[in-house]
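Inspection log for the structure reproduced underneath, given as structure tokens.
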Amino acid sequence: MTTDHGHPAARMYIAGQWCQGATGNTAPVVDPATEEVIGDVPLAAPADLDRALAAAAEGFAAWRATPVTERTRVLHRAADLIAERAPDIGRVMTREQGKPLHESTGEARRTADTLRWHADDARRAYGRIIPSDPGTVLTVRREPIGPVAAFVPWNFPVGGPNRKISSALSAGCSLVIKASEETPATATELVRCYADAGLPAGVLNLVFGEPAEVSAHLISSPVTRLVAFTGSVPVGKLLAARAGQVMKPALMELGGHAPVIVCADADPVTAARSAARAKWANAGQVCTSPSRFLVHESIVDAFTDEFVRAAEAVVVGPGLAEGTTMGPLANERRLAAMERLTADAVSRGAKVRTGGERPDRPGYFFPPTVLTDVPGDAALLSEEPFGPLAPVLPFHGLDEALATANALPYGLAAYGFTGSAATAERLSDELQAGILSLNHCGGSVHEAPSGGVKDSGYGREGGPEALDAYLVTKRVSHLLAP
Ligand code: NAD
């Protein structure tokens, strides 16, 4: 079913049924490239959430009893459908979120691979047998924790939900997931792949709604056994506190403010090109996006010149237009934040080397923006920009760079460029981050864990560690002949 704007309709998916919710309340969905309403999103009432929770409880009982080989088969079928439908899912994603079509379809294809990886990994969720007294079998078993309440944002409309769905379902859990109200048809199309693959009713439930109401309802329900959230630090703290009040574990994938340290012995041009590619991806709306560029004073000019060149080569436009390499920001809030952070830095003496002003056209566009001479008290240096702003700061010695990098309460991603193995080891040892990339600014991969330290959260997604949050460890001591 499509809307009048040729956009697929967003639906909730509860107990194996597509639905619009008990009240019929909706909110508009806006194309960030045109600011036009392209559809609407159904909003759950408490009765809808209760149905989803009841379905998840039943779904969990059925899914955990399903042989792991069958679970894996269903998940592989879903992965095949995601890969097959990637071009269509990509178009829906670009209209709702703005990123260029090649990024959207690439995200959908990677999502299919991620699902396959987790589905296969869960087959090896081994326990262990511990040597014990004769006549006693002492084992450690890992079992699915139970129904999960998951909350995901709008920046990776398929990859984000799928990280939680794929790990939870692989582990044998069921979910009620609240995807973003800003990218609801994309989440609908993702969940449709699971439904069409034969996932039993109730195992995966998709809802939308007023975020604070939905999260309060789902977290406090006795059905929910794990809270999994991706989003901002303030909201993460709120949800973690709420989960703590009802003694539920939480997986928190929060924001960061990733430093890039470019040492004197690095090639400034290579570093600038690599950092630029990562910086402008998804218009900087990535939790691991490099966002503070600390460059040794001896190479800072060469780095900045190349970085500005790369910024000016970016083709900003609608994500569906041929040749676009950076789309609009996903919503008006991000655009307002770019204007506010830039104005604040400039008012304190920063220089805009390129970009800095939104173009005179509809859509939430903001150009790649490189700032120098940014004083330490500029908000941009402590507040995650989550957009295409890049402050370049010279440093004198590595101690100073590390101190600056580690000064913020965040600790998600960090990057370093150096020709020295010893310096690389020092960066590995001393940078306070859960994800460190050396001599490149590559993105997350499903075979390795991602997650933060400090205010950036706890728990890991990706890699074998991804299952940890979704499994509980049970010790069983079995006396054979009592
Ligand atoms: P926000 O803090 O309003 O919302 C972030 C996400 O949390 C959204 O998906 C929102 O729907 C959800 N949310 C908000 N209140 C909630 C609640 N009480 N219960 C459950 N979910 C709730 O911010 P925003 O304007 O959407 O995004 C801006 C900031 O969010 C960025 O600056 C960035 O720090 C952060 N963010 C981080 C990620 C990430 O991948 N870690 C993704 C998107 C946004």
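Quick note: residue numbers are just sequence positions, from 1. Read the numbers this way: they start at 1 and go in the same order the structure lists the ligands and their atoms.
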Students should be able to answer this: which protein heavy-atom is nearest to atom 9 (O) of ligand 1, and at what distance? Pro153 CA, 3.2 Å
Which residue and atom name correspond to the protein heavy atom nearest atom 21 (N) of ligand 1, and how close is it? Pro211 CB, 3.8 Å
With backbone taken as N, CA, C and O and side chain as the heavy atoms from C-beta onward, which portion of Arg334 lies under 4.0 Å from ligand 1: side chain, backbone, both, or neither? side chain
What one should report as the nearest heavy-atom pair of Pro449 and Arg460 is CB-CB, 4.0 Å
In the complex you have, is atom 3 (O) of ligand 1 within reach of the protein, judged by whether a heavy-atom distance drops under 4.0 Å? no
Does ligand 1 have any atom that is closer than 4.0 Å to a heavy atom of Phe156? no
Note: heavy atom closest to atom 5 (C) of ligand 1, options Gly209, Ala179, Ser232, Ser456, belongs to Ser232
Got the closest protein heavy atom to atom 38 (C) of ligand 1, with its distance? Phe386 CZ, 3.5 Å
Would you say atom 42 (C) of ligand 1 touches the protein, meaning some protein heavy atom is under 4.0 Å from it? yes
Check: of Pro385, Gly255, Gly231, Gly159, min heavy-atom distance to atom 37 (C) of ligand 1 comes from Gly231
To atom 24 (P) of ligand 1, the nearest of Glu384, Arg242, Arg333 on a heavy-atom basis is Arg333
Exercise: do His257 and Ser291 side chains pair donor with acceptor under 3.5 Å: yes
Taking 4.0 angstrom as the limit, do Asp344 and Arg348 come out as a salt bridge? yes
Quick note on ligand 1: atoms under 4.0 Å from a heavy atom of Leu254 include exactly 41 (N)
Decide whether an N or O pair under 3.5 Å exists between Trp154 and ligand 1. yes
Protein heavy-atom partner closest to atom 18 (N) of ligand 1 - residue, atom, separation in Å: Ala212 CA, 3.3 Å
Given the options Val207, Val191, Asn205, Tyr13 meets side-chain contact (heavy atoms from CB on, under 4.5 Å) only with Val191
Less than 4.0 angstrom from a charged side-chain N to a carboxylate O is my criterion; do Arg91 and Asp88 meet it? no
What are the atoms of ligand 1, with element, lying closer than 4.0 Å to any heavy atom of Ser215? 17 (C), 18 (N), 19 (N), 20 (C)
dist Asp455:CG -> Ser232:OG (nearest 0.5 Å) comes out at 11.5 Å
Identify, by atom number and element, the atoms of ligand 1 in contact range of Thr230, meaning under 4.0 Å from any of its heavy atoms. 39 (C), 40 (O), 41 (N)
In terms of side-chain geometry, is the basic nitrogen of Arg110 or Glu107 positioned less than 4.0 Å from the acidic oxygen of its partner? no
Neighbour count above 12 (heavy atom, 6.0 Å) for Glu465 CD: yes
Considering only the protein, which heavy-atom contact is closest to atom 39 (C) of ligand 1, and what is its distance? Cys287 CB, 3.5 Å
Verdict with supporting geometry, Met252 and Leu239, side chain to side chain contact (heavy atoms under 4.5 Å, CB included): CA-CA 9 Å; Met252 289 285 148; Leu239 300 199; 4.0 Å; yes
Note the single closest protein heavy atom to atom 12 (C) of ligand 1, along with its residue, its atom name and the distance in Å. Phe229 CE1, 4.3 Å
Would you mind listing which atoms of ligand 1 come within a distance below 4.0 Å of any non-hydrogen atom of Glu253? 41 (N)
Measure the acute angle between the ring planes of Trp154 and Phe386, then classify it against the limits of 30° and 60° as parallel, tilted or perpendicular. perpendicular
Which residue from Asn331, Leu412, Val235 reaches closest to atom 14 (C) of ligand 1 through any of its heavy atoms? Val235
How many angstroms lie between CG in Leu204 and CG in Leu190, if you round to the nearest 0.5 Å? 8.0 Å
Does a salt bridge link Lys164 with Glu253, judged by any charged N lying under 4.0 Å from a carboxylate O? no
